> 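If you scroll down you'll find the structure; I have some questions about it.
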Amino acid sequence: MTVTAQDFISDKEIVFVGFSGNEKSFSRGVYTDFVKAGFTVYPVNTRSFSDDGIKVFGSVAEIGKAVAQAYVVVNAANAHQAVADLAAAGVKRIWFQGSECADAEVLELCEKAGIDTFVGCAKMYLSDGFIHRLHGFFAGAKR
């Protein structure tokens with residue numbers, strides 16, 4: 001099934017794989033956009049930590065509850081393991097930040113696991129920043 005960003009935005013709970021410990025990272029900005037959009041976000045980083053009141057889980061299994069969807073912002077090599085972990089946790093949809101996260105092999109793994117996928121810049125759909133909205137406009141991103 002082909003899914004769109006709207007399929008993710010309508011469900012306000014998401015696992016966030018690739019949350020960074022660096023406060024100035026791109027992933028932190030996306031995390032903030034998800035929170036501002038009203039999502040309950042479960043950030044995951046293999047180096048479990050807490051930062052600014054944010055509990056970051058060391059693995060998807062550590063979350064301890066079923067979440068239907070995930071956002072992934074890791075390189076394709078790490079995305080293979082992320083897909084396996086998310087499939088084991090029962091995730092049904094994965095939003096990949098871009099093709100650097102989801103090469104053909106990763107997308108095939110998702111298909112075999114019965115996971116619907118979407119590939120696209122989250123900031124185009126979530127951010128109120130002018131540049132991101134402009135990028136989204138030219139890319140045809142529907143909010």
Side-chain angles (χ1 to χ4, degrees), residues 1-103 105-133 135-137 139-143:
M1 176 175 132
T2 301
V3 296
T4 67
Q6 294 304 318
D7 295 315
F8 288 86
I9 292 170
S10 63
D11 186 351
K12 296 293 188 179
E13 190 173 51
I14 198 160
V15 175
F16 188 117
V17 178
F19 182 83
S20 175
N22 178 350
E23 291 179 19
K24 297 182 189 308
S25 72
F26 176 82
S27 75
R28 287 289 185 110
V30 174
Y31 172 85
T32 300
D33 290 337
F34 273 117
V35 171
K36 283 181 180 176
F39 281 78
T40 299
V41 184
Y42 301 96
V44 176
N45 183 307
T46 55
R47 296 178 304 267
S48 178
F49 59 93
S50 289
D51 191 20
D52 283 338
I54 302 168
K55 163 68 174 127
V56 181
F57 298 92
S59 70
V60 175
E62 218 178 275
I63 295 169
K65 70 174 281 186
V67 180
Q69 60 188 14
Y71 167 77
V72 175
V73 60
V74 297
N75 63 36
N78 291 332
H80 290 233
Q81 185 60 53
V83 168
D85 294 345
L86 292 164
V91 167
K92 302 295 181 208
R93 291 188 303 266
I94 300 176
W95 179 343
F96 293 98
Q97 172 59 31
S99 58
E100 68 281 357
C101 304
D103 60 18
E105 205 173 299
V106 168
L107 295 174
E108 186 177 323
L109 288 171
C110 290
E111 186 176 335
K112 286 180 181 176
I115 296 172
D116 293 327
T117 59
F118 176 74
V119 179
C121 177
K123 287 203 155 286
M124 290 190 311
Y125 297 92
L126 299 169
S127 177
D128 288 328
F130 174 75
I131 294 298
H132 301 296
R133 290 186 69 102
H135 178 206
F137 173 79
K142 293 188 172 42
R143 289 178 165 245

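Worth saying up front: this structure is predicted, and the values here are computed from it rather than measured.
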> Can you tell me how far the NZ atom of Lys65 sits from the OG1 atom of Thr40, to the nearest 0.5 Å?
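Answer rounded to 0.5 Å: 7.5 Å.
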> With the side chain counted from C-beta on, respond yes when His80 and Val106 share a heavy-atom pair under 4.5 Å apart, and no when they do not.
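Contact flag for His80/Val106 side chains = yes.
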> Using a 3.5 Å distance criterion without hydrogens, assess whether the side chain of Gln69 forms a donor-acceptor pair with backbone atoms of Glu13.
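The answer is yes, because a donor-acceptor pair under 3.5 Å joins these two groups.
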> Check whether any side-chain heavy atom of Ile63 lies under 4.5 Å from a side-chain heavy atom of Val44, and answer yes or no.
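SC-SC contact between Ile63 and Val44 confirmed.
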> Atom CD of residue position Glu100 - does it have more than 12 heavy atoms of other residues, nucleotides or ligands inside 6.0 Å?
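Buried by this count: over 12 neighbours within 6.0 Å.
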> Are any non-hydrogen side-chain atoms of Ile54 and Tyr31 less than 4.5 angstrom apart?
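Yes - at least one pair of side-chain heavy atoms lies under 4.5 Å apart.
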> Can a donor-acceptor pair be found, under 3.5 Å and without considering hydrogens, that links the side chain of Asn45 to the backbone of Phe19?
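Side chain of Asn45 to backbone of Phe19, a donor-acceptor pair under 3.5 Å: yes, one is there.
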> Compare every heavy atom of Ser20 with every heavy atom of Ser25, then report the nearest pair and how far apart it is.
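That closest heavy-atom pairing would be OG-CB, 3.2 Å.
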> Hey, are the side chains of Val17 and Leu86 touching, using non-hydrogen atoms and a 4.5 Å cut-off?
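The answer is yes, as the side chains (C-beta and beyond) meet within the 4.5 Å cut-off.
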> Looking at every non-hydrogen atom in both residues, tell me the closest pair between Lys12 and Ala37 and how far apart they are.
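Reported closest heavy-atom pair: NZ-O, 2.8 Å.
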> Would you call Val35 and Phe16 a side-chain contact if the rule is heavy atoms closer than 4.5 Å?
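They are not in contact (no side-chain heavy atoms under 4.5 Å apart), so the answer is no.
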> Minimum heavy-atom separation for Ala102 and Val119, please, with both atom names.
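In terms of heavy atoms, the two residues are closest at CB-CG2, 4.1 Å.
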> Which atom names give the shortest non-hydrogen contact between Val74 and Gly18, and what distance separates them?
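Smallest interatomic distance, heavy atoms only, reads CG1-CA, 3.6 Å.
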> Considering only heavy atoms from C-beta outward, does the side chain of Phe96 approach that of Leu107 to under 4.5 Å?
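In short, these two side chains touch, coming nearer than 4.5 Å.
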> Looking at Asp103 and Ala76, what are the two nearest heavy atoms and their distance?
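Nearest pair, atom of Asp103 first, then Ala76: OD2-CB, 3.4 Å.
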> Closest heavy-atom contact between Gly21 and Arg28?
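Heavy-atom minimum between the residues: O-NH2, 3.5 Å.
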